[in-house]
Amino acid sequence: MTAVLITGSSRGIGRAIAHRFAHDGYDVIINYQTNEAAAEDAVKLVESTGSGAIAVEADVSDPDAAARLVERGVETFGGLDHVVNNAGIDQHVHTESLSPADFDHVMDVNVNGAFNVTKAALSALEASEDDPSVTNVSSILAHTGAPIECHYAASKGALLSLTRSHAADFAPDIRVNAVAPGHIETDMTADRTPEEAEAARAEIPIGRFGRPAEIADAVAYLRDATFVTGETLNVNGGESMR
Ligand code: NAP
């Protein structure tokens, strides 16, 4: 039996990753923070493929909650083979108005959350016989930086450093990689005006925003890529060529 824990998998990219892993035969630990109904819906989606699923509420920025999340998953499925640190939050505020508390909050969820969950999962991953892996969901903004969301971009840059450091720490037992998505259609990007959406689309050579399933494909590739660790896979419709 093989199982995956995907943080922030009630909605958006995490939900698509859950569906992909379920389709590939993995039992899935769905994690959410507040949206229980969406998490239960994601459980049904996984179960529709024949795989098992549970929904576990946990704020990944809280180390104790992260530890309980891993424990529930291991208890339920008898082990843990892969972790996808996908939970993340964004906020659009210029530095002039950004409070230190808001800066810390974004870092806490996006960086500390990945650290907390990976640390809690280490012994279970080490016991896995499925070439265990951790995949961190970063962002194209880790490379480019971004106006009015410096804390988000900084958190995603830190996640790439964490990825390489953990890849070195845990080799050869656990592979650790990152995916850096460009603009993907989810709730996180739904607040753009039509003008902002058009301007963003014009920067993408493939001419459209990405779909959550296209990030799930990249995560599945890294899960299966037995000679790849410490890498970042950029999935952005060619936007990084701009
Ligand atoms: P989304 O639609 O806003 O979904 C966010 C998910 O994270 C939800 O499941 C949410 O749970 C969960 N979450 C938020 N805070 C949490 C916390 N403290 N503890 C546990 N779970 C938490 O976001 P998305 O667009 O799918 O983004 C997923 C990841 O991709 C994020 O790391 C994001 O930064 C990254 N990313 C997204 C894009 C994009 O264009 N969409 C681009 C680059 C990178 P609830 O349902 O309970 O709220």
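Not measured: the values here are computed from a predicted model. Note that ligands are numbered from 1 as they come in the structure, with each ligand's atoms numbered from 1 the same way.
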I'd like to know if the side chain of [X] reaches the main chain of [Y], judged simply by a donor and an acceptor atom lying under 3.5 Å from each other, with no hydrogens or angles considered.
X: Asn236; Y: Gly182; result: no
X: Asp41; Y: Ala37; result: no
X: Ser51; Y: Tyr26; result: yes

*asked:* Does this structure show an ion pair linking Asp130 with Arg223, if we count only N-O contacts that are shorter than 4.0 Å?
replied: no
*Under a 4.0 Å N-O cut-off, is there an ion pair linking Arg242 with Glu239?*
no
Is there a heavy atom in [X] that sits closer than 4.0 Å to ligand 1?
X: Asn31; answer: yes
X: Ser138; answer: yes
X: Ala38; answer: no
X: Gly182; answer: yes
X: Asp90; answer: no
X: Gly210; answer: no

[X], any N or O under 3.5 Å of ligand 1 N or O:
X: Asn35; value: yes
X: Pro181; value: no
X: Ile184; value: yes
X: Ile13; value: yes
X: Ser139; value: no
X: Ser61; value: no

Going by the closest heavy atom to [atom], which one wins out of [options]?
atom: atom 24 (P) of ligand 1; options: Thr189, Thr186, Asn112; answer: Thr186
atom: atom 11 (O) of ligand 1; options: Ala200, Ser10, Ser155; answer: Ser10
atom: atom 1 (P) of ligand 1; options: Arg15, Arg11, Glu185; answer: Arg11
atom: atom 20 (C) of ligand 1; options: Gly88, Ala58, Ala142; answer: Ala58
atom: atom 17 (C) of ligand 1; options: Glu36, His183, Gln33, Glu57; answer: Gln33

_Non-hydrogen atoms of Asn31 and Thr7 that approach each other most closely_ = OD1-CA, 3.3 Å
Per-residue contact class, [X] against ligand 1 - non-hydrogen pairs under 4.0 Å:
X: Tyr152; answer: side chain
X: Ser9; answer: backbone
X: Val60; answer: both
X: Thr7; answer: neither

*Check whether NZ of the Lys or CZ of the Arg Arg175 lies under 6.0 Å from the centre of the six-membered ring of Phe227 and within 45 degrees of that ring's axis.*
no
For [atom], find the nearest protein heavy atom and state the residue, atom name and distance (0.1 Å precision).
atom: atom 12 (C) of ligand 1; value: Gly8 CA, 3.5 Å
atom: atom 30 (O) of ligand 1; value: Val137 CG1, 3.4 Å
atom: atom 13 (N) of ligand 1; value: Ala87 CB, 4.1 Å

*asked:* To the nearest 0.5 Å, what is the distance between CG on Asp90 and OG1 on Thr186?
replied: 9.5 Å
*Could you tell me the separation between the CD atom of Glu40 and the CD atom of Glu47, rounded to the nearest 0.5 Å?*
8.5 Å
*asked:* For Ser128, run the side-chain contact (heavy atoms from CB on, under 4.5 Å) check against Ile174, Asp81, Asp173 and tell me which one passes.
replied: Asp81
